Amino acid sequence: MIRNFGPSEILFLIESARWTLLLTFLAAAFGACGGLAVALARVAQTRAIRNFATGYIAVVQGIPVLILLFLSYYGLSRAGFNLPPIVAASISLAIYASGYLGDIWQGAIQSVPVQQWEASASLALTRPQQYRTVILPQAVRIALPPTVGFLVQLVKNTSIVSIVSVVELARAGQLVNNATFQPFPVFITVAAIYFVICFPLSLASRSLEMKFNAYRGG
């Protein structure tokens, strides 16, 4: 029996958005750890490490995130690792995030004026001490706007995990549409929920960028 699209279906979509937020959080958290490692490797003093990090970013950015998902879910299962869909989805999105965040943060680190490096070196600080006390605090301010902006893309890219049956927002929309055969109101509602999630992040990114530009101009 065909159901009408009503409050219970809207509530189901809203509840499914929790999985979208969870996937975004997991991908951002683990991707941030990998991205920081990649960013530091990109500015390492050893050429081999820099080349490895550059190659990693090129590979991750050159492969569609959907293929990363297939490799994580289907590829690892063929290798004997039968991961739950949510775990495979988190891994693929974290790899995707690490490649882009590593690139963003490497640019932020290199944007710190060279005088700051020279001043910290003149204080006989070790490389880790330079990063911890001088470079990274300044790089964080530079990196915040594009990082928050990237989170918008990450939220939207969580929609691809519906392919491996993770019932996040996009998959929930498909299920509701199959039950109601009312694609227009269903996917308008899905789009509205994505907008409610992403628009504040877009505003935050622009606000942070304006604040940083004002700070730098001052």
Side-chain angles (χ1 to χ4, degrees), residues 3 5 7-39 56-57 59-105 146-180 183 185-202 204-205:
R3 298 167 52 182
F5 182 68
S8 61
E9 286 72 26
I10 294 175
L11 181 60
F12 175 66
L13 293 175
I14 294 173
E15 290 176 345
S16 299
R18 294 181 300 178
W19 290 101
T20 293
L21 295 174
L22 177 62
L23 277 169
T24 302
F25 173 78
L26 292 175
F30 289 105
C33 295
L36 180 59
V38 170
Y56 176 84
I57 289 177
V59 169
V60 171
Q61 294 188 359
I63 297 176
V65 64
L66 180 61
I67 302 303
L68 293 175
L69 177 62
F70 286 159
L71 290 172
S72 298
Y73 187 66
Y74 299 110
L76 290 178
S77 66
R78 291 296 299 270
F81 300 97
N82 296 314
L83 300 177
I86 188 72
V87 175
S90 299
I91 291 173
S92 59
L93 289 171
I95 293 172
Y96 161 76
S98 69
Y100 282 88
L101 290 177
D103 202 16
I104 292 170
W105 294 349
T147 298
V148 176
F150 173 76
L151 290 179
V152 176
Q153 302 304 316
L154 191 58
V155 170
K156 291 187 286 188
N157 276 319
T158 59
S159 62
I160 67 163
V161 307
S162 61
I163 293 175
V164 295
S165 300
V166 176
V167 185
E168 42 64 66
L169 182 54
R171 178 62 176 165
Q174 293 173 352
L175 294 175
V176 172
N177 179 60
N178 292 341
T180 63
V186 170
F187 290 111
I188 283 292
T189 304
V190 169
I193 296 172
Y194 274 117
F195 179 81
V196 168
I197 296 172
C198 293
F199 186 63
L201 291 173
S202 298
S205 177

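We count residues from 1, following the sequence as given. Keep in mind that what you see is a predicted model, and the values were worked out from it rather than measured.
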Closest contact, heavy atoms only, [X] versus [Y]:
X	Y	result
I104	P146	CG2-CG, 3.7 Å
Q61	G99	NE2-O, 3.5 Å
A17	I197	CB-CD1, 4.5 Å
S205	V148	N-CG1, 3.9 Å
S72	A88	CB-O, 3.5 Å
S162	Q174	OG-NE2, 4.0 Å

(request) Measure from the side-chain N and O atoms of N157 to the backbone N and O of Q153, and report whether any donor-acceptor pair falls under 3.5 Å. (result)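 Answer holds: yes.
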(request) Return yes if some donor-acceptor pair links the side-chain N/O of S98 with the main-chain N/O of I95 below 3.5 Å, else return no. (result)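 Yes.
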(message) Please list all pairs meeting salt bridge (charged side-chain N to carboxylate O under 4.0 Å, His left out) that have one or both residues in residues 148-176, counting only residues at least two apart or in different chains.
(response)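 Non-adjacent pairs meeting salt bridge (charged side-chain N to carboxylate O under 4.0 Å, His left out): zero.
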(message) I need the full list of salt bridge (charged side-chain N to carboxylate O under 4.0 Å, His left out) pairs touching residues 18-27, with sequence neighbours left out, sorted by first then second residue.
(response)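 Those involving residues 18-27 do not exist here.
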Do [X] and [Y] come close enough that some side-chain heavy atom pair is under 4.5 Å?
X	Y	answer
I91	F30	no
S92	L71	no
L93	T158	yes
V167	W19	no
L13	F5	yes
C198	L201	no
I163	Y73	no

Working to the nearest 0.5 angstrom, can you tell me the gap between [X] [atom1] and [Y] [atom2]?
X	Y	atom1	atom2	answer
I160	I67	CD1	CD1	9.0 Å
I57	D103	CD1	CG	4.5 Å
L22	I86	CG	CD1	5.5 Å
F70	S77	CZ	OG	12.0 Å
Y194	L169	OH	CG	4.5 Å

(request) Would you check, one step at a time, whether the test side-chain contact (heavy atoms from CB on, under 4.5 Å) holds for S90 with L23? (result) CA-CA 6 Å; S90 299; L23 277 169; 3.6 Å; yes
(message) Parallel, tilted or perpendicular: which one describes the rings of F150 and Y96, with boundaries at 30° and 60°?
(response)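 Rings of F150 and Y96: tilted, as their planes differ by 30° to 60°.
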